[in-house]
Structure formats: C-alpha cells, structure tokens
Amino acid sequence: MKQIFLESHNIKNQFSGLGQFNYHLIKGFYQNAQSDFKFTLHSNISAKLKSEFGTHFDYQHYFSFTRYKALRLPFKYDLWHSLNQNTKVEPRFKMPYVLTVHDVHFAEGPDSTDKTARIKRFEAKLKRADALVYISKFARQATQQCFDTSDKPEYVIYNGNPMLDTSIPEDFIPDTAPKKPYLFTIGEFTARKNFHALIDMLQHLPDYELIIAGNSDRPYTEKIKETISKNKLQNRVYLPGKISEMEKKYHLKNSAAFVFPSLKEGFGIPIIEALRYGTPVITSNNTSLPEVGGDFATYWEHYDPKYMAEKVLEGIANFQDQSVINAGISHAKSFNWNATAKEYLNVYRSVLNK
C-alpha cells in the first residue's frame with residue numbers, strides 16, 4: 001500500500017477557498033476508498049477530522065515551525081501532495097511530489113520583497129514537482145506565462161461543487177433578512193474581490209438591497225464602508241461577516257441574484273454554488289470565471305455602475321425561463337468532487353508508475 005502525504009493544513013479555515021478545496025478533496029478521497037493508497041492528513045484540527053473520517057486516514061499534527069528547513073517532518077512517504085502553491089511546508093527528503101496550483105496572482109503586480117520571496121518559493125516547488133495540477137485552464141495559462149513548466153507533466157482538474165445538499169429547513173430564519181429583494185455575494189474581503197463596485201452599482205438599483213458576507217476583519221473592509229457612506233446606502237447594504245453554511249444556502253436560494261465582480265479568480269466556486277440553486281449569476285468576464293460559468297452566467301465587461309446595474313437586471317430576466325434555470329442547475333451539478341478525487345488518484349498512479 002502506497003503512503004500518500006497530503007499537505008493540507010489550510011483545511012483549518014473552511015471559510016476560505018483553500019480551506020474548502022482541502023476539505024472537499026479529502027472527503028472525495030474518503031468516499032472513493034482505494035486499497036492501494038493510505039493517506040496522511042496534515043492539519044491542526046485532527047480531532048475534528050477524525051470524528052468525521054475515523055481511521056480511514058492517518059493524521060499528522062501541523063506545527064508552524066515545520067515551515068523551517070531544519071525542522072521539517074522527519075518522515076518519508078511514497079508521494080507528497082502539496083494542496084496549495086503558497087504553503088511553506090515542504091518534505092525533508094526527496095520523494096515523488098505533486099503540486100496543485102490554484103493561481104499565481106502573487107507573481108503579478110508591483111515588485112516587493114514579499115513578491116520576490118513568494119516567486120522564489122514557488123520556483124523551488126516547480127523544480128521539486130513531478131506533476132502539476134491546475135484547478136482551471138486559466139490557472140495553467142497564467143502559470144505558463146509567468147514560469148517555465150515545459151518539463152513537467154501538467155493536468156487540469158476542476159474543483160467540484162460542494163453544494164450537494166441544497167435542503168434548508170422550512171423554519172430556518174437567517175440572521176440577516178433584507179426588507180426588499182436583494183443581491184448576495186460572499187468571499188474573502190480583499191481588494192481583488194472588488195466588492196465596493198457593487199455598492200456604487202446599487203444606487204442604480206433602487207428596488208434592491210445587498211448582502212456582502214465573508215471575513216470582514218480585513219483592511220479592505222474600510223474601503224467598502226467608505227463606499228457605503230459615500231453613497232448613503234447604510235440602510236440597504238448588509239455586512240454580516242462570516243455566516244453559517246445554512247445561512248449561505250438560504251441566501252443563495254432566496255436572493256434575486258448572486259453577484260461576483262471579482263478581478264482575479266483561479267476557479268470561483270461560489271458561482272456554481274449559486275447556479276445549483278437556480279439563482280441568476282452575474283460575474284466578471286475575466287480570469288477563470290467565464291470558463292467556470294460558461295453560458296449560464298451573465299458577465300460584466302467593465303465596472304461602470306450604471307452598466308453593471310443593467311447587466312444585473314438582464315441576468316435576472318434571463319432566469320425567468322425554467323429551461324434556462326434547469327440548464328444552469330445541470331451545469332452546476334457537472335462539477336463533482338468525487339470525480340475530482342478520482343482524477344487526482346489517477347495522477348498519483350501516473351507519478352508513482354513513472
């Protein structure tokens with residue numbers, strides 16, 4: 001039996017895209033048990049994971065000091081899979097190595113000490129890797145533009161849609177309940193999410209309110225609050241912070257549209273979560289988003305507030321047809337974590353057989 005180490009310590013933060021990726025891929029491995037592989041999960045929430053997955057996995061507790069070369073884990077495995085291109089945790093010994101690349105946003109923008117360090121760290125990963133897996137064709141293209149990957153086997157394996165159970169208790173009452181029809185978005189409060197553009201847009205949509213959910217303890221939150229104040233929209237924009245999974249489901253189902261004006265995305269899971277509920281999606285026509293949303297989302301070409309408002313109304317109107325709604329739901333269902341896990345298992349076999 002081959003021993004596979006999953007460098008998965010980002011699983012601790014399941015409010016982030018990386019945390020969601022770690023958790024759902026691992027759950028996919030659990031549901032597709034293989035007699036030829038034994039997995040070790042690297043995290044500092046081993047007790048929580050063990051309560052769900054039991055002895056199906058081995059568990060290695062994550063300590064931050066293992067990021068340092070002299071203090072790396074003193075174990076050797078048949079294959080090491082780094083589930084995130086940004087992790088500083090690396091193997092002590094040479095062993096077959098698979099790297100998942102979500103994005104290379106760190107290599108773009110103005111030069112800085114942090115940018116130089118992250119590029120150097122990523123280049124070391126590329127040199128070590130026996131195979132590269134990208135979460136979208138866009139992620140592969142962006143990586144190839146910034147780095148030389150010509151000597152590496154490369155694969156594109158799409159993320160699955162974590163929104164499998166769409167049920168919501170009939171008596172569920174959300175903590176945030178707008179008084180009018182509303183638009184919904186969710187994500188990390190970082191500048192690349194471009195949430196403030198939605199607030200400028202809202203002044204042209206007087207019949208709608210807006211919920212922006214996510215970890216709002218970030219510097220970018222001040223930009224959002226300033227934009228709310230500038231437009232005098234304190235009574236129509238809600239910032240609930242992190243919300244429960246059930247509340248997220250409620251808003252994905254009951255909002256008039258899911259709006260996602262992100263500037264850069266390696267994949268964009270929230271748009272397929274929204275489509276799974278038959279909810280109109282209006283998102284940016286850049287990076288991976290058209291690849292994931294396909295013909296089932298409406299796209300902003302730019303961020304002029306009045307134009308954005310018009311596209312929202314267009315997107316909502318498009319989803320008045322039940323056949324369009326059904327097609328969007330089918331598209332969202334086509335992204336499946338079990339299928340994703342099986343593709344990763346094939347990558348492992350390919351690397352080990354070589």
Side-chain angles (χ1 to χ4, degrees), residues 15 163 165-190 193-218 220-262 268-284 293 297-298 300 303-320 325 328-329 332:
F15 287 100
M163 197 57 66
D165 179 7
T166 58
S167 62
I168 303 169
E170 290 185 7
D171 59 352
F172 178 77
I173 300 175
D175 291 335
T176 303
K179 304 174 185 63
K180 296 182 177 182
Y182 65 97
L183 311 174
F184 176 60
T185 194
I186 189 170
E188 298 247 7
F189 274 47
T190 59
K193 295 298 184 182
N194 198 30
F195 289 147
H196 68 278
L198 297 174
I199 301 163
D200 285 328
M201 172 195 75
L202 200 64
Q203 63 181 313
H204 299 286
L205 293 169
D207 296 328
Y208 291 88
E209 298 184 339
L210 171 66
I211 297 175
I212 307 175
N215 55 338
S216 55
D217 56 341
R218 297 287 190 273
Y220 177 61
T221 305
E222 292 307 310
K223 171 73 172 178
I224 293 174
K225 290 180 176 178
E226 288 171 6
T227 310
I228 293 171
S229 179
K230 178 190 72 174
N231 289 291
K232 298 182 172 59
L233 292 173
Q234 291 88 339
N235 295 327
R236 290 174 54 206
V237 180
Y238 302 83
L239 304 177
K242 295 178 180 179
I243 59 176
S244 69
E245 185 67 12
M246 191 57 66
E247 178 136 1
K248 182 177 83 168
K249 288 182 177 184
Y250 180 92
H251 293 311
L252 287 173
K253 179 179 180 180
N254 290 286
S255 58
F258 182 77
V259 286
F260 201 60
S262 181
I269 282 178
I271 67 175
I272 56 172
E273 290 183 313
L275 287 171
R276 178 65 183 84
Y277 277 97
T279 298
V281 169
I282 301 89
T283 188
S284 303
T298 301
W300 289 305
Y303 303 104
D304 172 76
K306 185 177 180 181
Y307 159 82
M308 289 182 70
E310 291 169 352
K311 297 300 283 188
V312 167
L313 296 176
E314 177 187 321
I316 292 173
N318 289 342
F319 266 62
Q320 300 306 305
I325 294 172
I329 292 173

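What's counted below: heavy atoms across the whole structure, side chains too, no hydrogens, waters or symmetry copies.
- Formation of a donor-acceptor pair under 3.5 Å by the Ser229 side chain with backbone atoms of Glu226 is not found in this model.
- Using a 30° and 60° split on the angle between ring planes, Tyr220 and His196 fall in the perpendicular class, above 60°.
- When all heavy atoms of Ala297 and Thr283 are compared, the closest pair comes out as CB-CG2, 4.2 Å.
- The two atoms that bring Ala256 and Tyr208 nearest to each other are CB-CE2, 3.7 Å, heavy atoms only.
- Between the CZ atom of Phe260 and the CD atom of Glu273 there is a distance of 10.0 Å, given to the nearest 0.5 Å.
- To the nearest 0.5 Å, the span separating CD1 on Ile199 from NZ on Lys223 amounts to 9.5 Å.
- Leu198 is not listed as a side-chain neighbour of Asp200, based on a closest heavy-atom distance of 4.5 Å or more.
- In this structure, Tyr238 and Leu210 have side chains that are not in contact, with every pair of non-hydrogen atoms separated by 4.5 Å or more.
- Although no hydrogens or angles enter the test, the distance criterion places a donor-acceptor pair under 3.5 Å between the side chain of Ser284 and the main chain of Pro261.
- A heavy-atom distance below 4.5 Å is not found between the side chains of Leu239 and Ile211.
- Looking only at atom types and distance, the side chain of Ser255 has no donor-acceptor partner in the side chain of Tyr250 under 3.5 Å away.
- Heavy atoms from other residues, nucleotides or ligands lying under 6.0 Å from CG of Asn235 number 12 at most.
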In a table with atom names and distances, give each donor-acceptor pair under 3.5 Å that connects a side chain of residues 274-282 to protein atoms at least two apart or in another chain.
residue: Tyr277; atom: OH; partner: Thr166; partner atom: O; Å: 3.1
residue: Thr279; atom: OG1; partner: Leu252; partner atom: O; Å: 2.5

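- Remark: side-chain polar atoms of Glu247 are paired, donor with acceptor, to backbone N or O of Asp175 under 3.5 angstrom.
- When the side chain to side chain contact (heavy atoms under 4.5 Å, CB included) test is applied to Asn318, the partners found at least two apart in sequence or on another chain are Thr298, Glu314.
- For the pair Lys225/Gln234, no side-chain contact is recorded, criterion being any heavy-atom separation below 4.5 Å from C-beta on.
- The line from OG of Ser216 to CD of Glu222 is 10.0 Å long, rounded to the nearest 0.5 Å.
- In this structure a side-chain-to-backbone donor-acceptor pair under 3.5 Å is missing from Asn194 to Ser262.
- With rounding to the nearest 0.5 angstrom, the CE atom of Met201 is 12.5 Å from the OG1 atom of Thr227.
- Looking at Gln320, its side chain never comes within 3.5 Å of a backbone N or O of Ala317 through a donor-acceptor pair.
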Donor-acceptor list for residues 180-187 side chains, cut-off 3.5 Å, not counting sequence neighbours:
residue: Lys180; atom: NZ; partner: Pro206; partner atom: O; Å: 3.1
residue: Tyr182; atom: OH; partner: His251; partner atom: ND1; Å: 2.8
residue: Thr185; atom: OG1; partner: Val259; partner atom: O; Å: 2.6

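- Between the CZ atom of Arg236 and the NZ atom of Lys179 there is a distance of 12.0 Å, given to the nearest 0.5 Å.
- Checked for salt-bridge contact, Glu188 and Arg218 meet the test: a charged N lies under 4.0 Å from a carboxylate O.
- In this structure a side-chain-to-backbone donor-acceptor pair under 3.5 Å is present from Lys249 to Asp165.
- Note that CZ of Phe172 is 10.0 Å distant from CG of Asn254, once rounded to the nearest 0.5 Å.
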